[in-house]
Amino acid sequence: MKAHQLKVYNTLSRQKENFLPISPPFVGMYVCGPTVYGDAHLGHGRPAITFDTVNRYLTHLGYRVRYVRNITDVGHLTGDADEGEDKIAKKAKLEQLEPMEVAQQYTDTYHRDIALLNTWKPNIEPRATGHIPEQIALVEAILNEGLAYVVNGSVYFDVLAYNKKYTYGKLSGRVIEELVSGSRDLDGQGEKRNSVDFALWKNASAEHLMKWPSPWGIGFPGWHLECTAMSSKYLGNHFDIHGGGMDLIFPHHECEIAQGNACNHQDPAKYWMHNNMITINGQKMGKSLGNFITLQELFTGKHPLLEQAYSPMTIRYFILTAQYRSTLDFSNEALRAAQKGYKKIINGLRIARNMHYDINPEVALDGEHLQQVEASITAAYRAMDDDFNTAQAIGHLFNLLKKINSVFTGQLHSATLGEEVFTKMLATYTTFVEEILGLLEEKGEVQEGLLDLLLRQYTEAKTARNYAKVDEIRLGLKSMGFVVKDMKDRVDWAYEE
RNA sequence: GGUCGCGUGGCCGAGUGGCUAGGUAGAGGUCUGCAAAACCUCGUACAGCGGUUCGAAUCCGCUCGCGACCUCCA
């Protein structure tokens, strides 16, 4: 296979750049994981699948990826920045649980749901609460640089001081003067010297549930700090890819860049990748809007907005049919279309796995078909090389699938493609579906052996022109979710679309 | 209010100057005991108006509509 020049859209430069890892073949990738205080919803599914696909494709190209995705189990506050209540602790009080019980419970459900989407596990999945000493050390380092200050046992990052040496706002495209003047009510600043400053360490009140000792008293870390602590610990001070949802660009990732520069004098990541939001009726699906659908609700169909259940692979396919930087609009109609498309892909996978080249010297090569197949193979890779355009790649896979189906049903002879191209076509198709896109065959309850038995009876009945029995078997299979495919010389089954 | 982005055929969704995206839905056809599956063909899509160009969905301007971030959110 020829060398690929992968291009990646970098939020920092706002353009596609050639992907050149810092130390090939190694790639360090850090992705912001969930704050574990509720069930994972469709909005969590998108970055999980997006960066899983990035991981898969980079691995396919031969890179050795270290994928780190954190679990936020402390420090993420509700309400106004740096003034609200800890999300985990709030949920703990509501459910009368230990905060760690809440974190554990939703970490478990997150893992369960994300695994169903067939995502590879991260190589390291660190938790914020497991890295308190590292975070304290970072605060001390930033204080030593003179870019933070202590007030009543809390430590704040001094954005204005930082901005004299570095540029605060370069990721989100924000101008510091506008942030300063545009800040809402000036009396809500509290201890901060300036409203744009953010907390590195917060003093904990007596009733606060999650707290640790520090040089500044009992307290807990600020939200942005954990990612700096854990990414630098496991990937170094400057690594290749930092990913997450677009809504994290500001302030979270902006603050991470500031923290990284403040204590390590360099940007933490070379490439910043951000997936867009999933919308529902054109509006962002999110916790704060209360219009989110959890993954479990999708899998079971138990949600007022859902007309039916949608399988994990349908969801994965649905998300992959859009480029990750575009919004993707949810609707039952779109998901039903995705379900059909997914099943078509998987029926093709079964066929491709079992198909063999049929040597026939009397069949001539067909230049047009050959050219179409070769073009689709090249185009599928080119799409992935162009900032992981899974939507476009899938389009080319469907073109390959048409050829595969044609050969399978006898409408096209495999020899018209020649053995080399035919084999490459099958290999490309199966590699893309299974390895790169991560689409699995969702097997039903029925054993394949049983299906084969029924199909043998079906064939016998058909030969005997016992059409009543033929129809009976056909109906029976249909009720189990299978359709019978009658071809010229044989029969086969497929998943009902 | 500031910053940024979007508006593609019934629906979802690629595409950023000339080359069929694709899926799904619908229509017709081949095949079939009838079907199904599969394959083939089709609708003449680019918010509106103006401009640049030999040529624009694609570049520029204006208008309309929608959204994101600026406060926790993937």
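Scope of the values below: all heavy atoms of this structure, side chains included, with no hydrogens, waters or symmetry mates. Residue numbers begin at 1 in each chain, while the letters A, B, ... track the order of the sequences.
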Colleague: How many Å lie between CG on Leu320(A) and P on G23(B), as a whole number?
Modeller: 17 Å
Colleague: Rounded to whole angstrom units, what separation is found between the CG atom of Asn405(A) and the P atom of G23(B)?
Modeller: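 One finds 11 Å between P of G23(B) and CG of Asn405(A), rounded.
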Colleague: Scan Tyr467(A) against the nucleic acid and name what it touches under 4.0 Å (heavy atoms): base, sugar-phosphate only, or nothing.
Modeller: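 Base, at least one base atom sits under 4.0 Å.
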Colleague: What does U71(B) pair with, Watson-Crick or G-U, if both distances are under 3.5 Å?
Modeller: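 Pairing partner, where one exists within any strand: none, as none qualifies.
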Colleague: Given the side-chain rings of Tyr310(A) and Phe299(A), with only the six-membered ring counted for Trp, is the space between their centroids under 6.0 Å?
Modeller: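 Ring centroids of Tyr310(A) and Phe299(A) are no less than 6.0 Å from each other.
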Colleague: For the side chain of Lys284(A), starting at C-beta, report the closest nucleotide among A68(B), G10(B), C34(B).
Modeller: A68(B)
Colleague: Give me the distance, rounded to whole Å, that separates G65(B) from G55(B) when you measure between the C1' atoms they each carry.
Modeller: 29 Å
Colleague: Round to a whole Å and report the spacing from CD of Gln15(A) to P of C4(B).
Modeller: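 Going from CD in Gln15(A) over to P in C4(B) covers 16 Å.
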Colleague: Can you tell me, in whole Å, how much space there is between the C1' of G61(B) and that of U53(B)?
Modeller: 16 Å
Colleague: Both Lys16(A) and Val484(A) contact RNA chain B. Taking the nearest nucleotide for each, which residue is further toward the 5' end?
Modeller: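 Per heavy-atom nearest nucleotide, the more 5' residue is Lys16(A).
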Colleague: Is Asn275(A) near enough to A74(B) that one of its side-chain N or O atoms lies under 4.0 angstrom from OP1 or OP2?
Modeller: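 For A74(B), OP1/OP2 do not have a side-chain N/O of Asn275(A) under 4.0 Å.
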Colleague: Ignoring hydrogens and angles, answer whether the base of G22(B) and the side-chain atoms of Gln392(A) contain a donor-acceptor pair closer than 3.5 Å.
Modeller: no
Colleague: Any idea how Tyr381(A) and Tyr57(A) line up, ring-wise: parallel (<30°), tilted (30 to 60°), or perpendicular (>60°)?
Modeller: tilted
Colleague: Do the two ring centres, one from Tyr9(A) and one from Phe388(A), sit under 6.0 Å apart?
Modeller: no
Colleague: May I ask you to say what Thr327(A) touches in the nucleic acid, namely base, sugar-phosphate or nothing, with a heavy-atom cut-off under 4.0 Å?
Modeller: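 Thr327(A): backbone/sugar contact only, no base atoms under 4.0 Å.
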Colleague: Say you pick atom P in G22(B) and the same atom in G9(B); how far apart are they, in whole Å?
Modeller: 16 Å
Colleague: Distance between the C1' atoms of A27(B) and U63(B), in whole angstroms?
Modeller: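 A27(B) and U63(B) have their C1' atoms separated by 38 Å.
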Colleague: Atom CD1 of Ile293(A) to atom P of A74(B): distance rounded to whole Å?
Modeller: 16 Å
Colleague: From the options A74(B), A35(B), U24(B), select the nucleotide whose nearest atom is closest to the side chain of Arg474(A).
Modeller: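 Ranking A74(B), A35(B), U24(B) by closest atom to the Arg474(A) side chain puts A35(B) first.
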Colleague: Given 3.5 Å as the limit, does a donor-acceptor pair link the side chain of Ser414(A) with the main chain of Asp358(A), or not?
Modeller: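 Yes, Ser414(A) side chain to Asp358(A) backbone: donor-acceptor pair under 3.5 Å.
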Colleague: Mind calculating the distance between CD1 (Ile394(A)) and C1' (G15(B)) to the nearest angstrom?
Modeller: 15 Å
Colleague: Can you tell me the base-pairing partner of U20(B)? Count Watson-Crick or G-U wobble geometry only, both distances below 3.5 Å, and say none if there is no partner.
Modeller: none
Colleague: Using a heavy-atom cut-off of under 4.0 Å over every strand shown, decide if Leu335(A) touches base, sugar-phosphate, or nothing.
Modeller: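 Nothing, no heavy atom under 4.0 Å.
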Colleague: So among Leu298(A), Asp113(A), Leu116(A), which one has a side chain to side chain contact (heavy atoms under 4.5 Å, CB included) with Pro312(A)?
Modeller: Leu116(A)
Colleague: Taking the P atom in each of A35(B) and G28(B), what is the distance between them to the nearest angstrom?
Modeller: 13 Å
Colleague: Which whole number of Å gives the distance between the C1' atom of G51(B) and that of G13(B)?
Modeller: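 These two C1' atoms come out 30 Å apart once rounded.
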Colleague: Just N and O in the side chain of Ser326(A): are any of them under 4.0 Å from OP1 or OP2 of C6(B)?
Modeller: no
Colleague: What contact category does Gln411(A) fall into here, base, sugar-phosphate, or nothing, at under 4.0 angstrom with non-hydrogen atoms?
Modeller: base
Colleague: Please state how far atom CE in Met277(A) lies from atom P in C66(B), giving the value in whole angstrom units.
Modeller: 21 Å
Colleague: Quantified in whole Å, what is the P atom distance between nucleotide C59(B) and nucleotide G17(B)?
Modeller: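 The same atom, P, in both gives a distance of 8 Å.
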Colleague: For A74(B) and Asn276(A) - does any side-chain N or O of the residue sit under 4.0 Å from the phosphate oxygens OP1/OP2?
Modeller: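 No, outside the criterion.
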Colleague: Name the pairing partner of C62(B), where a pair is Watson-Crick or G-U wobble with both distances under 3.5 Å, or state none.
Modeller: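 Paired with G48(B).
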Colleague: Output the single nucleotide from U24(B), C12(B), A14(B) whose closest atom is nearest the side chain of Asp329(A).
Modeller: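 Comparing U24(B), C12(B), A14(B) against the side chain of Asp329(A), the answer is C12(B).
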Colleague: If you check the Asp486(A) side chain, which of A35(B), G15(B), C40(B) turns out closest?
Modeller: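 Shortest atom-to-atom distance from the side chain points to A35(B).
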Colleague: When all nucleic acid strands are considered with a 4.0 Å heavy-atom cut-off, which category describes Glu496(A): base, sugar-phosphate, or nothing?
Modeller: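 Result for Glu496(A) = nothing.
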Colleague: Salt bridge or not between Asp52(A) and Arg56(A)? Use side-chain N to carboxylate O under 4.0 Å.
Modeller: yes
Colleague: Any salt bridge between Asp471(A) and Arg474(A), counting N to O under 4.0 Å?
Modeller: yes
Colleague: Taking any heavy-atom pair under 4.0 Å as a contact, classify Val175(A): base, sugar-phosphate, or nothing.
Modeller: nothing
Colleague: May I ask you to say what His41(A) touches in the nucleic acid, namely base, sugar-phosphate or nothing, with a heavy-atom cut-off under 4.0 Å?
Modeller: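 The residue His41(A) makes base contact.
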Colleague: In whole Å, measure the gap between the C1' atoms of A21(B) and A45(B) for me.
Modeller: 13 Å
Colleague: Between Glu442(A) and Arg316(A), is there a side-chain N and carboxylate O pair less than 4.0 Å apart?
Modeller: no
Colleague: What is the nucleic acid contact for Gly341(A), judged by heavy atoms within less than 4.0 Å: base, sugar-phosphate only, or nothing?
Modeller: sugar-phosphate
Colleague: Hey, does Glu497(A) reach any base, or is it just sugar-phosphate, or nothing, if we go heavy atoms under 4.0 Å?
Modeller: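 Here Glu497(A) touches the backbone only, sparing every base.
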Colleague: To the nearest 0.5 Å, what is the distance between CZ (Arg127(A)) and OG1 (Thr107(A))?
Modeller: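 So the CZ of Arg127(A) and the OG1 of Thr107(A) are separated by 4.5 Å.
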Colleague: Would you say a side-chain N or O of Lys344(A) is under 4.0 Å from OP1 or OP2 of U24(B)?
Modeller: yes
Colleague: What nucleotide, of A36(B), U24(B), C40(B), holds the atom closest to the side chain of Lys340(A)?
Modeller: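 The closest nucleotide is U24(B).
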Colleague: For Leu328(A) and A74(B), give me the distance from atom CG to atom P, rounded to whole Å.
Modeller: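 So the CG-P distance, Leu328(A) to A74(B), works out to 17 Å.
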Colleague: Please pick, from C39(B), G23(B), A36(B), the nucleotide with the shortest atom-to-atom distance to any side-chain atom of Val483(A).
Modeller: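 Closest nucleotide among those given: A36(B).
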Colleague: Of Arg336(A) and Ser406(A), whose nearest nucleotide on RNA chain B comes first from the 5' end?
Modeller: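 Upstream on the strand: Arg336(A).
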Colleague: Given G13(B), G23(B), U24(B), which nucleotide is nearest the side-chain atoms of Lys402(A)?
Modeller: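 Ranking G13(B), G23(B), U24(B) by closest atom to the Lys402(A) side chain puts G23(B) first.
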Colleague: Starting at atom CD of Gln323(A), determine the distance to atom C1' of G22(B), rounded to an integer number of angstrom.
Modeller: 15 Å
Colleague: Is a donor-acceptor pair below 3.5 Å formed from side chain Asn466(A) to base G33(B), judging by atom type as modelled?
Modeller: no
Colleague: Whether the side chain of Asn399(A) and the base of A21(B) hold a donor-acceptor pair under 3.5 Å is what I'd like checked.
Modeller: no
Colleague: If you look at every strand shown and take non-hydrogen atoms under 4.0 Å, does Ala322(A) touch a base, only sugar-phosphate, or nothing?
Modeller: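 Sugar-phosphate, no base atom in range.
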Colleague: Determine the contact category for Asn389(A): base if any of its heavy atoms lies under 4.0 Å from a base atom, sugar-phosphate if only primed atoms, P, OP1 or OP2 are that close, otherwise nothing.
Modeller: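 If one applies the 4.0 Å heavy-atom cut-off, Asn389(A) turns out to touch the sugar-phosphate alone, with no base involved.
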